[in-house]
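For clarity, every value in this text was computed on a predicted model and none was experimentally measured. In what follows, chains are A, B, ... by sequence order, proteins preceding strands, each numbered from 1.
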Amino acid sequence: MSILRSLADRERVFDFLVPAQSPVDVRHGPILYLEDVSVSFDGFKAIDALDLTIDDGELRCIIGPNGAGKTTMMDIITGKTRPDSGSVWFGSRHDLLTLNEPEIASLGIGRKFQKPTVFEALTVFENLELAMAADKRVLPTLTARLTGEGRDRIEEVLATIGLVELRHGPAGILSHGQKQWLEIGMLLMQRPRLLLVDEPVAGMTEQEMERTAELLTGLAGKGKQSVVVVEHDMGFVRSIARTVTVLHQGSVLAEGSMDRVSNDPKVIEVYLGAEEEAA
Amino acid sequence: MWLTRPFSERSTRLFLGILLAALALVTLLNLAVPAGHPLHVSTYTVTLLGKYLSYALLAVAVDLVWGYLGILSLGHGAFFALGGYAMGMYLMRQIGDRGVYGDPVLPDFMVFLDWDSLPWYWLGFDMPWFAFPMVLLAPGLLALVFGFLAFRSRVTGVYLSIITQAMTFALMLAFFRNEMGFGGNNGLTDFRELLGFDLRSDATRLGLFLATGIALALGYVLCRAIVASKLGRVSVACRDAEARTRFLGYRVERFQLFVFVVSAMLAGVAGALYVPQVGIINPSEFSPIFSIEVVLWVALGGRATLYGAVIGALLVNYAKTVFTGVMPDAWLFALGGMFVLVTVFLPRGIAGLLGQRPRRRASHAQTSQPTAGESAA
C-alpha cells in the first residue's frame, strides 16, 4: 500500500529521475564522506578502515609520514583506485564508487597533482581558457568563441591567482610557484566544489609559500570550494590549517586543531617527533 | 566566423599579399613580356613554379600536423600520391581513343595487359564531379582509418612516425604491382586534357599555375583558421602535454584524427594539382624518402609557422632544380648540409630568423620577398 501511495505522490522524485549531473547535496553538512574504506596492494594495506569527513567550505590539511596512504586516499576519491571495501560519498547524493574518473571530475572534484603541468607554449590566459568548462567535442571547439561571460570568469581567476599582469605571457616563462598557481587556476576554471591539492608548496620560496597560503585560505569557504591539502611542510600547514588530520598506516591517527594534534603523544611519536629531531 | 579570423592577422595578410603579388608578377612576365626579353618567364618556368607551389601546399599540410599537433608524419607522400592518382585516373579517362592502342575506354596499360574491361574502381573517374571529390575522399579515408586505429591505441611519437613510413612503403609496393590496375611501375601518364583544356597549351599551364597558387592561399587560410581557433590551442596542448589535455576533458584522439584527416585532404589536393603539371604520377611519389624530404622542407623553413613550410618547400626545391642541373651528384650532400646547418644555427628554421624581429614587420616582408622572387626569376 505504501508503495502505491508513494507512486501516486506528485512530489515524489525517483532516483532514476535525478540526472547524474545534479548538484551536490550538502544540506546535511559534509561534502565528502569516507567510511570504513580499505584497500590493499599485494597484501599491503595502503588504506585501513579509514573514516574521513570534510564539511562544505572547509579547508582541511592532511599530513602523515611517507606511506601513510595520503596519495592513495586522493586516488580513491578521484576514482583512479577502487577500494576493496567501504563507501565514499560526495554530498549525500553521489556515491563516488559508482562513477569513473571523468564523471567524478565533472561533478566538481578537481585535483592538483604534485608536479605542475601547464601548457608552456600557450599564454596564461589560453591555459585558463582551455580549462574552462565548455563543450569539449571537436567541432564545437573549432567554432568556439570566447563569450563575455567566459572572459570575465578568466579575469576573475587571473585576479585570484595573482597572474593578471602575466596573462599574455607564455606559461613557459612562469616560475615554479607561479606555475602551481596557474594550475590551481585551471582547476578553478572548472568551478569545482572540492579541490584536492597535493603538496602545493614543494620547492617554493618563502614568499611564494605565503602567497599560496593566502590563495588557499581565500578559496575555502561556505558556498565556495572546500579544499583538502596534503602537505609535508609543517610550517605551511601551521599557517593555513584550521583542522588537521594525521594519517598513519592507512588510518586516521589524530584529528583536530594544529595545536591539539601537535601535542598528541601518538602523533609526536610517529611523525612530528621525527620531524623535530631532523630539524 | 572562425574561417574569416585569419584575415584579421597581419602575418596572414602579408603572406597572401606576397603570394598573390608573385602570382600576378609571373603571369605578367609570362604574357606581356616578349619571349626574347631577359625578364620573360617561359611557360616551362611557370610549370616548374606551379610544381613548387603544389609542394608548398603539401608542406603546409605537414606543418599543420607536425608543427601544431606534434605528430611527425613520415607518410604524407602517400596522401599526396593518392590525390595525384585520383586526378591521374580522371586524366587517363579523358584520353579516350587518342591513346596508342586507340581503345575508347581502356587506358593503354590495360590494353597492354590484355584486360578486357575496366576494373570497378575505375568506374566514374571519367566524370569530374566524381573524380574531383575523390581527390579529397581517397586520402581522407585512408587518414581516417589509419588515424582512427593509431590514435585510439594512443600510438604517438617515434612509433607513429615509423608506422606512417611503413604505410607509405606498403602502398608504394602495392602500386608497383601491375595487377593493382594503376599502371604499375610506369604509373599514369600521356595526359591530354583537363576539363576540356589542352594540357599542352601555354594558357592551360599558366591556368594550372594560378590554380595551384590559389589553392595554396586557400589551404593556408584554412590551416591558419584552424590554428587560430580554440581547436588549434587544444592541438598545441595535445602536442606539449597529451595526458594533461585528456585530464581537462578533451578527447585527444578525436582532435588528432580531425586535424590529421584535414591535413591528408590538403596533401591530396596538392597531389592532384601536381600531376597535370608534371604530366605523370607513378609509385615513386609513395617512396618513404619523398615523405622524409617533405619533413625536411618544413624543418628548414621553420615548424609551427605555416609560412615557414612554404618558404622551406620553395627554397629547397629551387635549390634542388639548380643543383641537379649543375652538379647532380652533389644534391643529396647539399640537402644534408643545409639540414645540418639549419639545425645547428637556426633551430627554429628560416622562419625563426624572420620571427626574431616581430616589431619590424616591414623588414619581414623584404626578407621573405626574395623567396618568391628568386624562384620566379
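Sparse packing is recorded around CZ of B:Arg154, with 12 or fewer heavy atoms of other residues, nucleotides or ligands lying under 6.0 Å away. Heavy-atom contacts from other residues, nucleotides or ligands closer than 6.0 Å to CZ of B:Phe345 number 12 or fewer. Shown here is B:Phe146, whose CZ atom has more than 12 heavy atoms of other residues, nucleotides or ligands within 6.0 Å.
For the atom pair OH of B:Tyr250 and OG1 of A:Thr141, the computed distance is 6.0 Å after rounding to the nearest 0.5 Å. With rounding to the nearest 0.5 Å, the separation of CZ in A:Arg145 from CZ in B:Arg5 is 7.0 Å. Put simply, CG on B:Asp240 and CG on A:Leu122 are 7.0 Å apart, with the number rounded to the nearest 0.5 Å. Rounding to the nearest 0.5 Å places CG of B:Leu231 at 8.0 Å from CG of A:Leu139.
Residue contact with chain B, scored on non-hydrogen atoms closer than 4.5 Å, is absent for A:Met189. With a 4.5 Å cut-off on non-hydrogen atoms, A:Ala134 touches chain B through its side chain but not through its backbone. Looking at A:Ala105, neither its backbone nor its side chain comes within 4.5 Å of chain B, counting heavy atoms on both sides. With a 4.5 angstrom heavy-atom cutoff, B:Phe258 touches chain A only via side-chain atoms. Neither the backbone nor the side chain of B:Arg246 comes within less than 4.5 Å of any heavy atom of chain A. Looking at B:Val234, the atoms closer than 4.5 Å to chain A (heavy atoms on both sides) sit in the backbone and in the side chain alike.
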>> As a quick check of understanding, evaluate salt bridge (charged side-chain N to carboxylate O under 4.0 Å, His left out) for B:Lys230 and A:Glu129, giving each step before the final call.
In response: CA-CA 9 Å; B:Lys230 191 175 172 192; A:Glu129 183 203 2; 5.2 Å; no

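At a threshold of 4.5 Å between non-hydrogen side-chain atoms, the residues B:Trp2 and A:Leu142 count as touching.
Without hydrogens or angle criteria, B:Arg254 side chain to A:Val138 main chain gives no donor-acceptor distance under 3.5 Å. One N or O on the side chain of A:Lys136 and one on the backbone of B:Leu248 form a donor-acceptor pair closer than 3.5 Å.
Exactly one of A:Val118, A:Leu130, A:Thr117 qualifies for a side-chain contact (heavy atoms from CB on, under 4.5 Å) with B:Arg244. That residue is A:Thr117.
Across all their heavy atoms, A:Ala121 and B:Arg239 have their closest contact at CB-NH2, 3.5 Å.
With chain A as partner, the option from B:Ala237, B:Gly232, B:Ser229 having the largest number of non-hydrogen pairs under 4.5 angstrom is B:Ala237.
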